[in-house]
Structure formats: C-alpha cells, structure tokens
Amino acid sequence: MTSRSIHRSSIETARLRLRPTSAADAKRAFEIQSDWTVTRMLSNATYPPHQEDVENWFSSHRREWAEGSAYRFAIEQAERMIGVVDVDGVVGSTGSLGYWLERQAWGKGYAFEAAQALIGFVFHEVGLSRLESGHKSDNPASGRVLTKLSFRQVGSRELFSRARSETIVQCCYVLER
C-alpha cells in the first residue's frame with residue numbers, strides 16, 4: 001500500500017482517455033463481458049457474467065484506490081468506454097497490471113497505449129517499482145502487448161479460469177522501473 005493519498009484524476013493519451021472507474025461503469029462492463037471472446041481471456045470473470053458481481057466489483061474501486069491496493073481506469077475512445085486497464089494487488093512497491101477491451105477495439109494498439117500510460121502513472125505518481133502481469137497461453141496478442149511494454153517473461157503457471165471453469169496455463173511477466 002502507498003503511504004500517501006493519490007488524487008483520482010484522468011490520464012489523456014494521443015487517442016484515449018483513462019478515467020478512474022465508477023460504479024456507473026458496471027453496465028457497460030457487463031455488456032463487454034457478455035462477449036465470450038473477451039471474457040474467455042479473463043481469469044476472474046465469470047461467463048456468462050453476473051450483473052450483481054460486476055456491480056459489486058465496480059463499487060469497490062473507489063475504496064481500493066483510497067487504500068492504495070488498486071488503481072483502475074475506464075478506457076474511453078471517442079467518449080465511449082471500450083475497456084478497463086488497472087494495477088491491482090498492490091503490496092509494497094509491487095502491483096499487477098491487467099487490461100481488457102471490447103472485441104471491436106482489438107488490434108488497434110489501444111491496450112498498449114492505455115497500459116503504457118498507466119505504467120507511467122503507477123511508477124511516477126504512485127511510486128511502484130515492479131509490475132507483474134500475465135496472459136493465457138492461447139492469447140499471444142496480449143503477450144505481444146506486454147513485450148512491447150518492455151515486460152520480460154519469467155515463466156508460466158497453472159491458474160484456474162473462472163470464465164472457462166478449467167485450469168489454464170498463464171504466461172507470467174515482470175517489469176521493473
């Protein structure tokens with residue numbers, strides 16, 4: 001956890017606006033996660049999604065930010081929420097980077113652009129010095145995003161996927177400031 005309060009503010013990139021998530025984002029997130037091609041790549045989401053679970057998750061974001069345990073941003077393109085990028089599981093100076101986008105936003109560089117901006121925020125504003133991340137072994141596109149962000153692969157592990165209701169192989173990555 002961080003020892004200082006980090007102001008909740010938006011981050012602007014060349015094509016995107018990252019704004020701290022709010023409980024109102026749950027409806028749009030539910031729509032995005034109702035697409036199997038999106039949710040099958042997520043570890044902690046269920047498919048089909050449960051509206052109440054999504055609402056409960058989004059309603060916890062403000063508290064997590066205040067505690068310094070997670071920093072979650074809605075990714076907006078042309079004033080439309082297209083996904084989420086976050087760093088959660090913050091302990092000491094380490095956190096875990098994650099992101100997901102609606103299918104129509106895939107392949108346009110948005111994941112890289114959003115994650116790059118968030119990495120700058122957590123390294124320079126929050127004070128983290130290490131990020132971990134990962135992707136399912138059958139999602140090489142996410143691996144390319146992490147590699148382009150200068151993450152290095154450090155191995156793999158078995159992980160239970162709630163969406164798939166099975167154990168999958170996750171490729172694990174690390175980025176040091």
Side-chain angles (χ1 to χ4, degrees), residues 8-62 64-65 69-90 95-123 125-126 131-136 138-151 159 161-164 168 170-171 173 175:
R8 288 173 51 91
S9 59
S10 296
I11 302 169
E12 302 289 332
T13 71
R15 302 177 297 162
L16 304 171
R17 178 175 180 245
L18 310 181
R19 61 167 176 73
T21 55
S22 71
D25 294 322
K27 181 178 183 220
R28 178 70 182 121
F30 179 82
E31 292 170 3
I32 296 169
Q33 290 184 8
S34 291
D35 182 340
W36 170 243
T37 60
V38 172
T39 305
R40 69 183 291 273
M41 297 301 176
L42 305 177
S43 299
N44 293 318
T46 58
Y47 188 85
H50 302 281
Q51 183 73 41
E52 185 176 344
D53 290 346
V54 175
E55 290 171 357
N56 288 340
W57 185 64
F58 274 87
S59 69
S60 71
H61 294 182
R62 185 175 287 275
E64 291 174 327
W65 188 297
S69 62
Y71 301 91
R72 304 186 195 276
F73 290 84
I75 304 169
E76 290 185 341
Q77 202 278 324
E79 299 184 22
R80 174 181 165 83
M81 180 180 161
I82 61 170
V84 169
V85 62
D86 61 13
V87 169
D88 64 6
V90 176
S96 179
L97 173 74
Y99 48 85
W100 47 268
L101 297 165
E102 67 182 1
R103 184 174 11 156
Q104 297 84 347
W106 292 2
K108 298 178 180 171
Y110 296 146
F112 171 80
E113 189 172 331
Q116 184 179 48
L118 181 55
I119 290 167
F121 171 78
V122 298
F123 279 176
E125 299 298 321
V126 178
L131 289 175
E132 299 168 350
S133 194
H135 66 86
K136 291 183 171 54
D138 62 349
N139 185 5
S142 194
R144 288 189 294 276
V145 170
L146 292 172
T147 301
K148 188 174 177 184
L149 289 164
S150 299
F151 277 79
L159 181 70
S161 167
R162 290 180 62 202
R164 297 183 190 188
I168 55 92
Q170 181 189 51
C171 302
Y173 293 75
L175 176 67

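Sequence positions, counted from 1, serve as the residue numbers for this chain. All of these numbers come straight from a predicted model, not from anything done at the bench.
Scored by the side chain to side chain contact (heavy atoms under 4.5 Å, CB included) test, Q104 finds E102 as partners (sequence neighbours excluded). Qualifying ring-ring contact (aromatic ring centres under 6.0 Å, His included) partners for W100, counting only residues two or more places apart in sequence or in other chains: none. The side chain to side chain contact (heavy atoms under 4.5 Å, CB included) search around E55 returns A26, Q51, not counting sequence neighbours. With sequence neighbours excluded, the residues satisfying side chain to side chain contact (heavy atoms under 4.5 Å, CB included) with S96 are D88. Residues passing the side chain to side chain contact (heavy atoms under 4.5 Å, CB included) test with A74, sequence neighbours excluded: R19, T21, D25, M81.
More than 12 non-hydrogen atoms from other residues, nucleotides or ligands lie less than 6.0 angstrom from CZ of R164.
A distance-only check finds a donor-acceptor pair linking the side chain of E113 to the backbone of R15 [under 3.5 Å]. Proximity of a side-chain donor or acceptor of T13 to a complementary backbone N or O of L16 within less than 3.5 Å is detected. The backbone N or O of M41 lies less than 3.5 Å from a partner atom in the side chain of K136, making a donor-acceptor pair. Put simply, the side chain of R162 gets close to the backbone of N44: a donor and an acceptor are under 3.5 Å apart. Using modelled atom types, one side-chain atom of S60 and one backbone atom of W57 make a donor-acceptor pair closer than 3.5 Å.
The residues R40 and D35 are annotated as not salt-bridged, no charged nitrogen and carboxylate oxygen being separated by less than 4.0 angstrom.
Atoms OG1 and CD, from T39 and Q33 in turn, are 5.0 Å apart once rounded to the nearest 0.5 Å.
Scanning both residues, A114 and I75, for their nearest heavy atoms gives CB-CD1, 3.8 Å.
In summary, the side chains of S10 and R17 do present a donor paired with an acceptor at a separation below 3.5 Å, with no hydrogens or angles considered. Looking only at atom types and distance, the side chain of S133 has no donor-acceptor partner in the side chain of Y99 under 3.5 Å away. Between the side chains of H61 and Y71, not a single donor N or O lies within less than 3.5 Å of an accepting N or O.
Contact of the S161 side chain with the S43 side chain is not registered, since no non-hydrogen atoms from C-beta on lie closer than 4.5 Å.
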Show the atom names and distances, to 0.1 Å, of all donor-acceptor pairs under 3.5 Å that link a side chain in residues 143-151 to residues at least two apart or in another chain.
residue	atom	partner	partner atom	Å
T147	OG1	G143	O	3.0

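If you look at H50 and F30, their ring centroids are not closer than 6.0 Å.
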